[in-house]
Amino acid sequence: MINGAHLIIHSRDAEADRAFFRDTLGYPHIDAGRGWLIFKLPPAELAMHPTEGPARHELFLMCDNINATVGELAARGVEFTQPVTDAGWGLLTSLRLPGGSELGLYEPRHPKAHEL
């Protein structure tokens, strides 16, 4: 049976993004060979949202206190691409990965599936 999920971020600078997850976020990791790092992620959840546009995927990291988390990451040099906004279902911002892509960060207000 399915026992996990493997998420992939396609990056223009994969080495810099790996260093970000390793050094800035401090995520535990394994070296799958030749420096190819695979990171252990925090607990996760999956949601399906309807769309009228093309099908797509998004990745958000979650936190308990977005203002404290933004402050801590900003002090480590992380660039945030939008201010914290109230999306109703949570407080939301985005950060820029070293490879140039954006990653969502939010403090959920909804019940968290990973706490089941």
Side-chain angles (χ1 to χ4, degrees):
M1 195 49 149
I2 296 170
N3 63 4
H6 184 92
L7 303 166
I8 298 172
I9 296 175
H10 293 272
S11 173
R12 291 191 176 106
D13 191 346
E15 190 57 41
D17 286 347
R18 288 181 193 122
F20 175 82
F21 279 86
R22 181 190 63 220
D23 303 333
T24 304
L25 298 182
Y27 281 14
H29 60 277
I30 54 125
D31 187 327
R34 301 185 319 257
W36 198 276
L37 304 182
I38 299 176
F39 295 90
K40 178 181 179 184
L41 294 176
E45 55 190 34
L46 173 66
M48 308 305 157
H49 292 247
T51 184
E52 297 297 321
R56 60 189 172 91
H57 308 287
E58 293 179 293
L59 175 61
F60 290 88
L61 299 179
M62 297 188 306
C63 62
D64 292 327
N65 182 326
I66 197 160
N67 292 316
T69 302
V70 166
E72 183 179 327
L73 292 175
R76 296 181 192 173
V78 175
E79 174 192 355
F80 286 86
T81 58
Q82 66 177 353
V84 174
T85 58
D86 187 337
W89 43 264
L91 301 174
L92 174 69
T93 188
S94 290
L95 58 91
R96 185 169 317 284
L97 293 175
S101 63
E102 291 188 25
L103 185 62
L105 173 68
Y106 83 103
E107 176 186 330
R109 290 189 174 146
H110 58 78
K112 294 173 259 190
H114 70 264
E115 293 178 345
L116 293 175

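Numbers here are sequence positions counted from 1. Only this structure's heavy atoms are used, side chains among them; waters, hydrogens and symmetry mates stay out.
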query: Do the non-hydrogen side-chain atoms of L61 and T69 ever get within less than 4.5 Å of each other?
result: no
query: Out of curiosity, H29 NE2 to L37 CG, how far, rounded to the nearest 0.5 Å?
result: 5.0 Å
query: To the nearest 0.5 Å, how far apart are CG in D17 and CZ in R96?
result: 11.5 Å
- request: Specify the closest pair of heavy atoms between A68 and N65, including all atoms of both residues, with the distance to one decimal.
  value: N-OD1, 2.9 Å
message: Same cluster or not: F20 versus L41, using hydrophobic residues (I, L, V, M, F, W, Y) connected whenever any side-chain heavy atoms lie under 4.5 Å apart?
response: yes
field: Distance (rounded to the nearest 0.5 Å) between L95 CG and E79 CD
entry: 9.0 Å
- prompt: Does some side-chain heavy atom of S94 sit less than 4.5 Å from a side-chain heavy atom of T81?
  reply: yes
message: Holding to salt bridge (Lys or Arg N to Asp or Glu O under 4.0 Å), I want the full list of residues that pass it with R109, two or more places apart in sequence or in another chain.
response: D86
message: Any non-hydrogen side-chain atom of H114 less than 4.5 Å from a side-chain atom of M62?
response: yes
- request: Report yes if the side chains of Y27 and R22 come closer than 4.5 Å at any heavy-atom pair, otherwise no.
  value: no
message: If I compare all heavy atoms of T51 with all of G53, which pair ends up nearest, and what's the gap?
response: OG1-N, 3.0 Å
- line: Output for pair (T93 OG1, L105 CG), nearest 0.5 Å, gives 6.5 Å
- request: Of all the heavy-atom pairs spanning C63 and I66, show the shortest one and how long it is.
  value: SG-CA, 3.5 Å
query: According to a 4.5 Å side-chain heavy-atom criterion applied to Ile, Leu, Val, Met, Phe, Trp and Tyr, with indirect links allowed, do Y106 and L59 form part of one hydrophobic cluster?
result: no
- prompt: Atom OG1 of T24 and atom CG of L73: how far apart are they, to the nearest 0.5 Å?
  reply: 8.0 Å
query: Which class fits the ring pair F39 and F21: parallel under 30°, tilted 30 to 60°, perpendicular over 60°?
result: tilted
field: With D64 via salt bridge (Lys or Arg N to Asp or Glu O under 4.0 Å) - residues at least two apart
entry: K112
- line: Taken in chain and number order and not counting sequence neighbours, the residues that satisfy salt bridge (Lys or Arg N to Asp or Glu O under 4.0 Å) with R76 are E72
field: Value rounded to 0.5 Å, distance of CG in L91 from CD in E107
entry: 5.0 Å
- request: Tell me whether V78 is reachable from L92 by hopping between hydrophobic residues (I, L, V, M, F, W, Y) whose side-chain heavy atoms are closer than 4.5 Å.
  value: no
- prompt: Do E102 and Q82 have side-chain heavy atoms sitting under 4.5 Å apart?
  reply: no
message: Is it the case that the side chain of T85 and the backbone of A87 share a donor-acceptor pair, with hydrogens and angles ignored and the cut-off at 3.5 Å?
response: no
statement: Here the pair of heavy atoms bringing G99 nearest to R12 is O-CB, 3.7 Å
